[in-house]
Protein chains: 2
Amino acid sequence: MSRKEQIDQVATTLFKSRGFAATTMRDLALELGIEAGSLYSHIKSKEDILQRVCFRMADEFNAAFDEVKSQDVPAGEKLRLAIAAHVRVLTKNPPAAGVFLNEWRHLSEPSLSQFNGMRHAYEESFREIVREGIATGEFKVNDEKFVVLTLLSSLNWLHMWYKPEGKMSPDDIAEFLSNLLLNGLKNF
Amino acid sequence: MSRKEQIDQVATTLFKSRGFAATTMRDLALELGIEAGSLYSHIKSKEDILQRVCFRMADEFNAAFDEVKSQDVPAGEKLRLAIAAHVRVLTKNPPAAGVFLNEWRHLSEPSLSQFNGMRHAYEESFREIVREGIATGEFKVNDEKFVVLTLLSSLNWLHMWYKPEGKMSPDDIAEFLSNLLLNGLKNF
DNA sequence: TTTATTTGCTAACGAGCGTTAGCTTTTGTA
DNA sequence: TACAAAAGCTAACGCTCGTTAGCAAATAAA
């Protein structure tokens, strides 16, 4: 791992736990055992780090979803696969997921607009699956926008407590969440 | 409304949209049409504002839940009522809800510990309902901790897009979310 | 061994931060 | 009208911030 990657990684954990704005370059340097000024031999700016973390995660989510998109299965099954893919990315790197989900708003233009565009496209992909399920009668709901926002929200808190050493694997978690969302508490 | 309350209110919208750390006292003063120093005729400190907003909201959530607690109804119905109460508080003041949910970590000790205690107790109240539903066989799920975290997460994004002038009332929203969580997409 | 590259240090810059002291103006009350 | 309280202003404090310039050490390649 290059020094630059190491900086990104340590910065990610700090951004997640303290927030981007409340993390100083001197904090980050201290964590790495160097002086603040030395960071600038490797990075361009503080926001430079944030951009890399955010867009790298966005790419990962998109890549994971693309494999689901092409599958020719019923909407319910496709949604299960999409949830599993999403959970896999979330749990693979929880700190980066936390930054991606909570700190993106500290991006400045034009990165901010670009990021929002990607985010919107990703949500639209989920909506497409739900619309399909509604069209075939598999899903009984009628407001796919509301459903997808709820769905993603119920997934996106995972990074806050998921620990790799826990007893549930990412796929276990995905199955649990899929059952809950598709069948509900009463028919779980 | 006193000047102090007005300051709290304007600060709340700024804290929510830019984050606590990224909001300056000079920003806040500008929004109010006064000078930064003048704020200190009314408030003790920047964090003073954050404390008031966070604990005021915590009180509101607790008060709303207490009315549900005493009802003698099946778990499923009680959960519906708790969800409706939670949604009502969330939608009554979305900016304050946003601060309560996302900015509390900028509290310093001992407020931070106190806040976390209240938050934990609130979550525990929800868990109690779900445990009851599991015990009576009404809920088919088995991990009540996981369920409650998912449940609250699926509610707590609401403040981000809810607009009072929208076509769904808070109670409509609560019913929609209750149906989704209790019955699932397939049995909605 | 020479040379180039990577990595790091020191010291400082200009700017912005939360906050305070002391004073003036406005407002409400008797 | 007189007076007290509330509200706001100006100017500055001590501090921290992200970042830079210039230089030195370590590392790797030739």
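First the proteins, then the strands, lettered A, B, ... as listed; each starts at 1.
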Give a yes or no on whether A/Glu67 atom CD has more than 12 heavy-atom contacts from other residues, nucleotides or ligands under 6.0 Å away. no
Hey, do the aromatic rings of A/Tyr122 and A/Phe126 have their centres closer than 6.0 Å? yes
Spacing of B/Leu32 atom CG relative to D/dA7 atom P, expressed in whole Å: 13 Å
In whole Å, I'd like the distance from the CD atom of B/Gln6 to the C1' atom of D/dA6. 14 Å
Would you say A/Val130 ends up clustered with A/Leu149 if hydrophobic residues are merged whenever their side chains have heavy atoms under 4.5 Å apart, either directly or through other cluster members? yes
Distance, rounded to the nearest Å, where B/Leu39 contributes CG and D/dA7 contributes C1': 11 Å
A/Ser153 and A/Asn156: side-chain donor and acceptor closer than 3.5 Å? no
Is it true that B/Phe100 and B/Phe115 have ring centroids separated by less than 6.0 Å? yes
D/dA7, OP1 or OP2 - any side-chain N/O from B/His42 closer than 4.0 Å? yes
For every nucleotide of nucleotides 23-29 of chain D, 5' to 3': is a protein heavy atom under 4.0 Å from its base (B), only from its sugar-phosphate (S), or from neither (-)? -------
Rounding to an integer number of Å, can you tell me how far A/Ile7 CD1 sits from C/dT6 P? 14 Å
Report yes or no: does B/Glu138 contribute a side-chain atom to a donor-acceptor pair with the main-chain N or O of B/Gly76 at less than 3.5 Å? yes
Over how many whole Å does the gap from A/Leu14 atom CG to D/dG18 atom P extend? 12 Å
Between A/Ser113 and A/Asn116, do the side chains contain a donor N or O and an acceptor N or O under 3.5 Å apart? no
Between P of C/dT7 and CD of A/Glu5, the distance in whole Å: 11 Å
Base-contact (B) and sugar-phosphate-only (S) positions in nucleotides 11-29 of chain C, heavy-atom cut-off under 4.0 Å, - elsewhere: -B----BBBB---------
Are B/His159 and B/Asn93 linked by a side-chain donor-acceptor pair shorter than 3.5 Å? no
How many Å lie between CD on A/Glu35 and C1' on D/dT19, as a whole number? 14 Å
Quick one: side chains of residues 178-185 of chain B, donor-acceptor pairs under 3.5 Å with protein atoms, not counting sequence neighbours, listed by atom name and distance.
| unit_1 | atom_1 | unit_2 | atom_2 | d |
| --- | --- | --- | --- | --- |
| B/Ser178 | OG | B/Ala174 | O | 3.0 |
| B/Asn179 | OD1 | B/Arg80 | NH2 | 2.2 |
| B/Asn179 | ND2 | B/Glu175 | O | 3.4 |

